[in-house]
Structures are given as structure tokens and as C-alpha cells.
Amino acid sequence: MELRVEVGDVATWKGDGVIVNLFEGVTAPGGASRALDEALNGLLSKLISKGDIKGKLGSATIVHTLDKLPVERVCVVGLGKPDEFTLDRARQAAAKGARALRDAGAKKIATIVHGAGAGALDAATAAQATAEGVVLGLWRFRKYHTTPDEVGAIDEVVILERDTAKSKTLAAAVERGRIIAEATNLARDLANEPGNTLTPTRLAEIARDIAQEQGLEFYVIDRAQARELGMGAFLGVAQGSDEPPAIIVMRYWGAGHDAAPGLGLVGKAITFDSGGISLKPAENMQDMKGDMAGGAAAIAAMQAIAQLKPSINVTAIVPSTENLPSGKAYKPGDILKASNGKTIEVVNTDAEGRLVLADALVYAIHTLKLSPAVDAATLTGSMVVALGNYRTGFFSNDNTLSALLFQVGEETGEKNWALPMDEEYREQIKSDWADIKNSSGRPAGSITAAWFLRHFVDQTPWAHLDIAGSVGMMGDAKERGYQNKWGNGTPTRTFVNLALALAAKK
Ligand code: BES
Ligand code: MN
Ligand code: ZN
């Protein structure tokens with residue numbers, strides 16, 4: 001799909017359809033909507049006064065132009081109440097409009113920048129959000145359907161700006177939005193891919209291709225190398241599977257080799273989590289093909305970071321394996337030794353994410369000296385219970401990083417919320433047989449998981465994002481704005497914006 005900025009006007013633009021917007025409660029349309037209303041002899045204001053168009057958030061009304069305009073259809077998207085308007089609502093409106101016109105059969109569409117006029121957002125910020133909304137909203141996963149979708153595809157999207165002088169700034173913003181949204185869509189593609197095609201080996205191949213295209217340093221730590229590095233926790237999980245495991249490493253050197261090693265992005269990538277010997281119930285076990293969503297976001301973020309070129313060094317570390325029961329599989333009661341020398345009693349083989357992350361974090365922090373280090377993982381069912389499928393709950397040992405993650409979440413619409421890590425919770429993972437155990441049951445399950453990880457990061461600024469709920473891989477999540485209902489790419493945009501924010505700080 002082509003996406004570009006053009007200097008022009010919605011009332012005279014030639015294509016299949018144009019998107020304009022309306023705030024709830026507005027009776028006389030302004031800006032671009034007014035131009036269209038005039039060209040349509042007052043049809044839009046008539047529909048508004050009769051209550052057919054209300055401007056409610058999430059609404060998209062398609063109006064036929066009866067040949068009064070060069071386009072066949074106008075789509076009016078609702079922005080909701082003016083005093084509740086946010087940047088993320090601009091993204092949501094853009095997505096709604098693009099999807100509505102696609103469903104109506106349009107191939108070539110134009111949209112105004114949402115939120116810049118009456119929404120009072122900075123024009124470039126609004127243009128980036130509009131681009132993100134369109135690209136994210138039009139994403140589909142139809143790879144394995146052998147019959148074509150009844151709904152065709154949009155192949156051209158134009159973002160219209162009347163002012164020639166402004167259009168250059170907007171073009172750069174739209175390009176930024178496209179890069180970030182396409183990376184998010186890549187993370188979605190990976191999360192949705194089934195476990196039989198997306199093995200750790202295949203994930204590493206995809207990451208290698210991206211690294212080659214984008215000029216990133218790349219290597220994989222295989223089973224033999226992990227053994228040499230003493231990664232007993234990672235290898236414990238991997239030993240039940242016949243698929244070779246892989247720790248994928250991608251490095252971007254935006255600040256150069258003489259600067260600090262920079263940001264570490266660590267992503268859990270269990271390509272299928274059966275629970276292992278502590279086998280999960282059969283119901284909804286298929287959702288566990290998405291247990292690599294954190295790793296997918298880390299890989300995808302590297303693609304965007306390489307394209308956006310911030311002046312910071314960033315390294316992604318993605319520990320990937322299957323978690324399966326077999327005659328070789330690790331068992332409850334086993335004691336594993338991680339690469340920092342700590343011993344772990346396995347009480348539940350289904351608490352495998354923290355084990356693979358332990359060695360990945362030691363590698364990120366102690367070996368590569370990355371700081372800060374941020375991990376993302378579909379780590380606990382408890383997080384689904386705590387925050388549902390909206391906000392990501394995160395944990396951190398550093399207030400500055402914590403504040404930044406919150407702020408980035410508000411900007412991207414990938415909402416993040418800090419959860420507590422009181423020392424008291426740490427007691428729960430003490431073991432009678434080893435330094436720590438990998439599970440202490442249901443109470444505060446997400447917090448004790450975070451404490452487990454903290455044993456492998458020491459004093460380095462670190463944060464852990466538990467995306468088990470927010471990434472939407474439980475069957476009950478719903479489509480929301482530009483967000484698809486399953487495997488939505490979280491926290492790719494958080495990762496990217498974090499790198500941009502850290503680069504801008506220096
Ligand atoms: N991948 C799961 C967590 C998960 C659950 C992600 C639901 C997405 C949706 C993780 O490996 C897991 O099984 N966690 C266990 C930990 C427990 C055994 C301490 C859990 O949360 O039940
Ligand atoms: Mn598990
Ligand atoms: Zn898991």
C-alpha cells in the first residue's frame with residue numbers, strides 16, 4: 001500500500017473516497033468538513049441536524065456524493081467529545097475511516113490530518129498519528145485462507161494538506177508514522193503465525209533478514225554456545241523440544257562503537273508454550289502460539305529504530321525456544337543454574353518465561369553492559385486478571401525509567417502502568433533447595449515473577465513489561481480502534497519511542 005502527503009483539497013481530490021471528521025456536539029461542520037458540506041449542498045449539515053451523524057468516537061458514516069464531487073464516497077469519522085480528545089483518538093478515527101472505506105470497496109482514498117484543526121494538536125504529531133492509524137487499522141492476517149477476503153484491499157492512501165509550506169514537515173511525520181506502524185504490523189504478523197511455521201529457527205531467519213536489510217549487527221547464540229555461556233535456565237526450558245533453540249541478538253549502533261552500549265530490549269519468544277510437564281489445560285492452549293509476542297516486538301522495534309536512526313545504541317536480545325513435555329524435558333523439582341551462578345528450583349515447568357529471560361537479562365546486562373534494559377514478556381496469567389487486555393503492567397527498579405515508560409505509553413496509546421515491587425513479595429520465591437524457585441503460586445503472581453527477574457539484573461536500571469493481557473492474545477479481546485483483537489503488536493511502539501526519547505535526552 002502506498003501512503004503519501006499531497007497538497008490538495010478534499011472537495012476537489014480525485015479518487016474513490018475521502019475521510020473527514022466531526023466532534024460530537026458540533027452542529028455546523030468546520031474546516032474540511034465544511035468545504036465538503038458546501039460542495040454537497042448542505043447534505044452533511046442536514047445529516048448532522050437530523051442526528052444521522054453524531055460525531056461519536058468510533059463512528060464512521062459513509063455518504064454517497066451523487067456525482068457532486070470527484071469522489072464517490074465521503075466518510076465522516078467521529079472524534080468524540082472535544083474536551084475528551086487525545087492523540088490516540090486521532091489514530092482511532094483514522095483507522096475507522098480507512099476501514100469503513102475499504103469495506104465499501106474503495107481502492108484509492110484520501111484523508112485529512114485528524115486532530116490538527118479543532119483538535120489543536122501540533123500538525124506533525126497529528127499527521128504521524130493519522131498515518132499510524134491508517135496503517136495499523138488496515139492490517140489483516142489472511143495468509144492461511146485459501147479463499148480471498150470478500151473485502152478488497154486499499155492500495156493508495158493520500159494524506160491531504162492545503163498548505164504547500166506545511167506539506168514537507170507533514171511528509172516527514174507521515175513517514176515516521178508509517179515506519180512505526182509497519183514495524184508494529186510486523187510484530188502482529190509474527191505473533192499470529194502458528195507454532196508449526198514459526199519455530200525459533202524460523203524466527204531467527206526472519207530477524208537475520210531484517211538485520212541484513214537494515215544494516216544491523218546480527219548473531220544467534222545456539223544450544224552449544226548457550227552451554228558454553230552457562231545458560232542453564234534457558235537450556236532447561238529448551239531441553240524438552242526437538243527444535244533447536246536460539247537467542248537472537250540484533251544490534252544498532254546509532255551512537256557509534258565508542259559511546260555507551262546503550263539500550264537493551266529483551267523479548268520473551270516461546271514459539272509455543274504447552275506448559276511442559278506441568279501441562280496446560282487443552283482449552284485455549286492454541287493461544288500459546290503467541291507466547292513469543294515480546295520477542296516479536298523487540299525484533300520489530302529494531303527494524304523501526306534502524307529506519308528512524310536515533311543517535312543511541314540499541315540491542316535486542318530474544319531468547320527463543322518451545323516449551324514442550326518429552327522424555328528429555330525438564331521436570332518439577334529439577335534445579336537449574338543460570339549464567340550468573342544463581343540456582344533455581346523448578347516447581348512448575350509452565351513458569352518458563354522467567355527462566356529464558358533470566359539468562360537473556362544476564363547476557364544483556366553483565367556481558368553486553370546494556371543500560372537501561374527493558375524486557376517484554378507474555379509472562380503471567382495473573383496480569384490478564386489484574387489489568388485485562390488494555391494496559392500493560394510494568395515493574396522497574398528505577399524511577400526515571402518508570403516515569404519515561406508511563407509517558408511513552410500515553411504518547412503511543414500503548415498504555416503502561418507501574419505496579420509495586422515491595423521487598424515483602426520477594427520472600428515468596430525463596431526456595432528450600434536452591435537460591436530461588438520459579439513459582440510461588442497465585443498470590444501476586446505477576447509481582448513475584450518480576451522479583452524473580454530482578455535477581456538477574458542487579459543495580460542496572462531495568463523495567464519488565466508483562467504484556468500477557470495487553471497484547472490481546474487471549475481469545476476474549478475485542479477489536480478497538482486501530483487495535484486488532486489478537487496479537488496486536490504491543491509493545492513495539494513503546495520500545496521505539498523509548499529509544500527515541502532516550503536518544504533525545506542526551
Ligand atoms: N505464557 C504464560 C502466561 C500467559 C498466560 C500469557 C495467559 C498469556 C495469556 C506463562 O508462561 C505461564 O504459563 N505462566 C504461568 C506461571 C505460573 C505457573 C506461575 C501462569 O501465569 O499461569
Ligand atoms: Mn508457561
Ligand atoms: Zn509462557
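FYI, the numbering just counts along the sequence from 1. Just follow the structure's listing: the first ligand is 1, and inside any ligand the first atom is 1.
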Engineer: Is it true that, when you exclude Lys485 itself, more than 12 heavy atoms of the residues, nucleotides or ligands shown sit nearer than 6.0 Å to its NZ?
Structural biologist: no
Engineer: Please work out, at 4.0 Å between heavy atoms, whether the side chain, the backbone, both, or neither of Arg354 comes within that distance of ligand 1.
Structural biologist: side chain
Engineer: Counting both backbone and side chain atoms, is some N or O of Asp291 under 3.5 Å from an N or O of ligand 1?
Structural biologist: yes
Engineer: If you count every heavy atom of other residues, nucleotides or ligands that lies below 6.0 Å from Lys342 atom NZ, does the total exceed 12?
Structural biologist: yes
Engineer: For the 3.5 Å polar cut-off, considering only N or O atoms, please tell me whether Gly381 and ligand 1 meet it.
Structural biologist: yes
Engineer: Just to be sure I'm reading this right: ignoring hydrogens, which of Val471, Asp273, Val237 gets closest to atom 2 (C) of ligand 1? Compare them by their nearest heavy atoms.
Structural biologist: Asp273
Engineer: At what distance is the nearest protein heavy atom to atom 18 (C) of ligand 1, and which residue and atom is it?
Structural biologist: Asn348 ND2, 3.3 Å
Engineer: Name whichever N, O or S atom of Glu352 ends up nearest to the Mn ion (ligand 2).
Structural biologist: OE1
Engineer: Would you call Glu150 and Arg140 a salt bridge, taking side-chain N to carboxylate O under 4.0 Å as the test?
Structural biologist: no
Engineer: Any N/O of Glu352 closer than 3.5 Å to an N/O of ligand 1?
Structural biologist: yes
Engineer: Should you measure from each heavy atom of Ala468, which atoms of ligand 1 turn up under 4.0 Å away?
Structural biologist: 6 (C), 8 (C)
Engineer: Salt-bridge test for Arg208 and Glu205: reply yes if a basic N is under 4.0 Å from a carboxylate O, no otherwise.
Structural biologist: no
Engineer: Look at Glu414 together with Arg493 and state whether they make a salt bridge at an N to O cut-off of under 4.0 Å.
Structural biologist: yes
Engineer: Is there a donor-acceptor pair closer than 3.5 Å between any side-chain N or O of Ser241 and the backbone N or O of Leu324?
Structural biologist: no
Engineer: Can you tell whether the side chains of Glu84 and Arg89 come within less than 4.0 Å, N to carboxylate O?
Structural biologist: yes
Engineer: Among all protein non-hydrogen atoms, which one is nearest to atom 12 (C) of ligand 1, and what is the separation to 0.1 Å?
Structural biologist: Asp350 O, 3.2 Å
Engineer: For ligand 1, which part of Leu379 has a heavy atom less than 4.0 Å away: the side chain, the backbone, both, or neither?
Structural biologist: backbone
Engineer: Classify the side-chain pair Ser446/Thr380 by whether it contains a donor and acceptor separated by less than 3.5 Å.
Structural biologist: yes
Engineer: Return yes when Lys280 approaches ligand 1 closer than 4.0 angstrom through a heavy atom, no otherwise.
Structural biologist: yes
Engineer: What residue and heavy atom of the protein are closest to atom 9 (C) of ligand 1, and at what distance?
Structural biologist: Met474 SD, 3.2 Å
Engineer: Output yes when Lys143 and Asp189 qualify as a salt bridge under the 4.0 Å nitrogen-oxygen rule, no when they do not.
Structural biologist: no
Engineer: Which atoms of ligand 1 have any heavy atom of Lys268 under 4.0 Å away?
Structural biologist: 1 (N), 10 (C), 11 (O)
Engineer: Does a salt bridge link Lys289 with Glu193, judged by any charged N lying under 4.0 Å from a carboxylate O?
Structural biologist: no
Engineer: Checking the N or O distance criterion of under 3.5 Å, is ligand 1 in contact with Thr380?
Structural biologist: no
Engineer: Please determine if Arg188 forms a cation-pi arrangement with Trp139, meaning its NZ or CZ atom is less than 6.0 Å from the six-membered ring centre and no more than 45° off the ring axis.
Structural biologist: yes
Engineer: May I have the angle between Glu352 OE2 and Lys268 NZ with its vertex at the Zn ion (ligand 3), rounded to 10°?
Structural biologist: 90°
Engineer: Charged N to carboxylate O under 4.0 angstrom, Glu352 versus Lys268?
Structural biologist: yes
Engineer: Can you list the atoms of ligand 1 that are under 4.0 Å from a heavy atom of Met288?
Structural biologist: 1 (N), 4 (C), 5 (C), 6 (C), 7 (C), 8 (C), 9 (C)
Engineer: Looking at Asp291, pick out the N, O or S atom nearest to the Zn ion (ligand 3) and give its name.
Structural biologist: OD2
Engineer: Is there a nitrogen or oxygen of Ser439 sitting under 3.5 Å from a nitrogen or oxygen of ligand 1?
Structural biologist: no
Engineer: Starting from atom 8 (C) of ligand 1, find the nearest protein heavy-atom neighbour and note its residue, name and distance.
Structural biologist: Met473 CE, 3.6 Å
Engineer: Counting heavy atoms only, which part of Met383 comes closer than 4.0 Å to ligand 1: side chain, backbone, both or neither?
Structural biologist: neither
Engineer: Side chains of Glu411 and Gln407: do they bring a donor and an acceptor to under 3.5 Å?
Structural biologist: yes
Engineer: So, of the N/O/S atoms that Asp273 has, which is the nearest one to the Mn ion (ligand 2)?
Structural biologist: OD2
